[in-house]
Amino acid sequence: MNVLIVHAHPEPRSLGAALRDVAIAELTAEGHAVELSDLHAMGWKAVMDRADFPALDPGARLRVPSASGQAMATATLTEDVAAEQEKLRRADLLILQFPLWWFTMPAILKGWVDRVYAHGFAYGVGEHSDRRWGDRYGEGTFAGKRAMLIVTAGGWETHYSARGINGPIEDLLFPIHHGILHYPGYDVLPPFLVYRADRLDEAGFEEVAEGLRQRMRCLESLRPIPFRRQNGGDYLIPELTLRADLAAPGAAGFALHLTTADRPDDSVPDPTR
Ligand code: FAD
């Protein structure tokens with residue numbers, strides 16, 4: 001497989017960077033080709049603004065989706081964005097790796113998504129009509145490819161459990177898993193999570209690193225999170241609401257969008273959980 005790791009950490013000697021290197025070493029040993037986008041090392045421009053659309057008439061009002069679609073269609077995206085899109089096209093598997101900052105990804109990585117996920121590339125793909133709402137949620141540019149997160153968090157696993165004060169980790173990650181990865185077509189693998197990361201000592205690191213190596217060895221066989229497909233018949237179109245017969249009356253929340261309510265794959269040993 002071709003694997004793209006997008007890594008967001010400002011410190012090259014960080015735990016995150018050490019885990020990135022463990023992942024790369026194991027993937028390479030398994031015969032995969034690995035590309036790395038180390039966003040801080042690249043000096044990645046995190047904010048989407050007018051400079052992203054050099055072909056836009058300087059007097060024109062900036063409307064981002066149409067400017068983005070136009071730049072995509074005319075191949076006038078900036079070089080840094082076009083290069084990341086090429087990496088995504090090459091990759092069979094995308095890994096986003098980051099420390100949990102304020103319950104989500106660091107701004108530099110969100111800026112990578114904002115800028116690289118252009119209109120006509122990651123959204124605005126396929127027929128949009130009263131009968132079909134585009135190629136999204138399981139279909140689209142990245143259909144048939146896999147993606148997953150590697151996330152370190154300061155909090156304890158219990159803090160992120162079903163009754164934990166931070167909210168369940170699968171809910172906190174839902175906008176990334178479902179919105180950023182499944183939306184443009186990826187099959188999303190369960191995340192590799194490291195809790196209490198700030199307290200990790202050398203022995204703890206070795207245990208986590210071994211868990212990560214094991215995870216890197218089963219990426220092709222691991223069962224993805226069973227998100228429903230938009231165009232698979234489960235949703236009414238154009239309302240895009242789940243069919244009444246697929247959930248109990250009054251049922252709500254992110255878990256509705258899973259074909260089963262169970263956790264994705266408990267069979268994979270993960271010493272960090
Ligand atoms: P580092 O600081 O680089 O290292 C962590 C520990 O790992 C250190 O003790 C280090 O010695 C040790 N370590 C062991 N082996 C190695 C090795 N081989 N290489 C490097 N280090 C090693 N946490 C939450 O749970 N929820 C939040 O919402 C949240 N928000 C945050 C917001 C901000 C702005 C910040 C700064 C932190 C936040 N945190 C939060 C905590 C954050 O998630 C952790 O600080 C982070 O995940 C730790 O990963 P790191 O790579 O930065 O660790």
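Counting convention: from 1, in listed order, for ligands and their atoms alike.
- Set against the non-hydrogen atoms of G16, the atoms of ligand 1 under 4.0 Å away are 51 (O).
- Aromatic ring orientation, F174 versus F254: parallel (interplanar angle below 30°, classes split at 30° and 60°).
- Residue contacts with ligand 1 for W156 are absent, since no atom lies close enough (heavy atoms, distance under 4.0 Å).
- Taking the six-membered ring for Trp, H257 and H178 have ring centres closer than 6.0 Å.
- Contact annotation for S14 and ligand 1: heavy atoms of both the backbone and the side chain come within less than 4.0 Å of the ligand.
- Cation-pi geometry between R115 and W44 is met: under 6.0 angstrom from the ring centre, within 45 degrees of the axis.
- Distance from atom 14 (C) of ligand 1 to its nearest protein heavy atom, with residue and atom name: L200 O, 3.6 Å.
- For atom 50 (P) of ligand 1, the nearest non-hydrogen atom of the protein is H9 NE2, 3.4 Å.
- The shortest heavy-atom distance from R199 to ligand 1 is not under 4.0 Å.
- Here atom 24 (C) of ligand 1 lies nearest to Y160 when heavy atoms of Y195, Y160, W102, W101 are compared.
- Using a 4.5 Å heavy-atom threshold, the side chains of Q97 and L19 count as touching.
- No side-chain donor-acceptor contact under 3.5 Å links Q230 and W133.
- In the candidate list F98, F103, F205, F205 is nearest to atom 18 (N) of ligand 1, counting heavy atoms.
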